[in-house]
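Notes for the one structure printed next.
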Amino acid sequence: MPEDPEAWWSEGVLYQIYPRSYADSNGDGVGDLPGITQRLDHLSWLGVKGIWLDPITVSPNADWGYDVSDFCDVDPALGTLEDLDALVSEAAKRDLRVILDLVPNHTSIEHPWFIEARASRSNPKRDWYVWADPSEDGGPPNNWASSFGGPAWTLDETTGQYFLHNFLSEQPDLNWWNPEVRDEFDRILAFWFDRGVAGFRIDVVHMVIKDAQLRDNPPVEDGDHWFIKMRGQRQFYNSCRPEVHDVIKRWRKIADSYTPKRVLIGETHVFDTEMLASFYGDDDELNLGFNFLMIHAPLSAEALGKIIEDTDAAIPPGSAPVWTGGNHDNYRFPSRWAEGDADRARAALVMLLTLRGSVFLYYGDEIGMPDTEVPLEQILDPVGIRMYPVFGRDPERTPMQWSADPGFGFTEPGVEPWLPFGDAASFNVADQVGDADSFLTLTRDLIALRDAESDLRSGAFTRIAAPVGILAYRRGDGFLIAASLDEGAGGVISGVNGEVAASARRFRDGEQIDGDLTLEPGDALIVRLALSRQPL
Ligand code: NOJ
């Protein structure tokens, strides 16, 4: 059980929306806030508890909303503040909470603060950003690399100093050592909380504080995670600094001062579970921290089983882990994990929706939406352009597929969407909604089962030995879940007595299990255990 009865986020299913791609209410090819409001009935029917919207604040869109030029207004392409108010109030009528994205690490280069800051070395806003003199050879002040590749520093010719940007050069990093920056963000948090926003997902929360001495980052080592190796250096001095916890504690005090309490969810893009757990503090920092180890692992019982066990053990008692199969920065799980194999995608969904903690679905996950291939000339993601054809983020950002009609229910017929449509004829809500065997029906049924069964919501996670390629675990005393995750994995788990409460491929629903639980490749079963005959 969550220790805090107000912690509605700790065991339910939440849903991430990429606003430009959800529903276009005004026929301009771009999704918007009124479009989301019009689709709230879908979300309440699905059974999710709340939605997180990727940034809706004003942005010149060098990084599609993650370069903010006004933190307290809605981007005109997405709507108005009044549209947000309407969304929050319509959502509340359906018992849905609205969580926004907060981007405190950096601003847009077009933000008035930065325009002032770069005007002169003596400008009062100068110290709101991270500036440093060139190194002796005239190059960048240290070796920090941008997370998007290339140096993390750009020389400002006018004032002769470099400014720091851990992402694009259009995204200068704020200086969180400056108390004025902290005060300003206190006001920004309150601005949105006062409007009834239920919380924030905080962009690269672990990065906001940088080493005060700007020391060089160390090189990668043999045992490092593949993602760190890909970056070419350990982000030791520009990430996860001890002082970041003070900033998060400060935000938590603000969030907790509201009734009901607001939730803080971190984009904790770190690679060990102890570090992840540290961001929960002593229940005085983040309420939830995304677990990227899962996203960056293959769909393998061995790899995911270890990550889930380690995370479950590391997250402090009373706090909840977060599970997600994908988001706007990573390929969709039916493509990335299951490589188009529908059964494996279903098995992955069963796993996600039966883990302890909070589960985030990414829009389209409920219909098993795969990635959309976006041709080079249509790529809009700056990272996709830089890294073509190796990596890009447009494939998972294409419009939601509501129906097979012209415009696919996303926009009006004949309107060109901002990113190309995917295979909406094969994957859409309208076709799946009344189909008992569809991915959508499975998603909804799994959410309903989780809602109805306290063991599936909050029961302890206990891993169980299983044949190779099968991940098996108990939730509380009442349920055993066994999922064939690796390609072709099957086998028998002995000593199981009960009834199949839900199965990935549906035809096993209701099956009685009397001793041997047999899994074929692609099976994922949730067994309601007969408690009196329960040896496991
Ligand atoms: C993480 C966000 O999820 C990503 O989309 C963005 O590009 C970077 N942070 C920079 O804000």
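Counting starts at 1 for both ligands and their atoms, in listed order.
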Exercise. Please state which protein non-hydrogen atom is closest to atom 3 (O) of ligand 1 and give its distance, to 0.1 Å?
Worked result: D329 OD2, 2.5 Å
Exercise. What atoms in ligand 1 come closer than 4.0 Å to a heavy atom of H106?
Worked result: 10 (C), 11 (O)
Seminar exercise, completed: Among non-hydrogen protein atoms, atom 9 (N) of ligand 1 lies closest to D203 OD1, 2.9 Å
Problem set entry | Proximal ligand 1 atoms for R393, defined as those under 4.0 Å from one of its heavy atoms | 4 (C), 5 (O), 6 (C), 7 (O)
Exercise. Using the ring of each side chain (for Trp, its six-membered ring), is H269 parallel, tilted or perpendicular to F271, with breaks at 30° and 60°?
Worked result: perpendicular
For this session: Give the atoms of ligand 1, by number and element, whose distance to some non-hydrogen atom of R201 is under 4.0 Å.
Result: 2 (C), 3 (O)
For this session: For the pair K306 and D310, evaluate salt bridge (charged side-chain N to carboxylate O under 4.0 Å, His left out) and give the outcome as yes or no after the intermediate values.
Result: CA-CA 6 Å; K306 176 160 172 40; D310 288 356; 2.7 Å; yes
Problem set entry | Step-by-step side chain to side chain contact (heavy atoms under 4.5 Å, CB included) determination, R250 to K253 | CA-CA 5 Å; R250 178 180 177 122; K253 282 200 185 101; over 6 Å; no
Exercise. When the ring planes of H328 and W52 are compared, do they come out parallel, tilted or perpendicular, using 30° and 60° as the limits?
Worked result: perpendicular
For this session: Any chance you could measure L288, atom CG, to L14, atom CG, to the nearest 0.5 Å?
Result: 8.0 Å
For this session: Check whether more than 12 heavy atoms from other residues, nucleotides or ligands sit under 6.0 Å from atom CZ of F236, and answer yes or no.
Result: no
Exercise. Would the number of heavy atoms belonging to other residues, nucleotides or ligands and lying under 6.0 Å from CD of Q378 be above 12?
Worked result: yes
Problem set entry | Sub-4.0 Å heavy-atom contact, F148 with ligand 1 | yes
Seminar exercise, completed: Taking only non-hydrogen atoms of H328 and a 4.0 Å limit, the atoms of ligand 1 in range are 2 (C), 3 (O), 4 (C), 5 (O)
Exercise. Nearest protein heavy-atom contact for atom 7 (O) of ligand 1: which residue, which atom, what distance?
Worked result: D63 OD2, 2.5 Å
Exercise. Which atoms from ligand 1 have a heavy atom of E267 less than 4.0 Å away?
Worked result: 1 (C), 3 (O), 9 (N)
For this session: Assess R397 for proximity to ligand 1: is some non-hydrogen atom of it under 4.0 Å away?
Result: yes
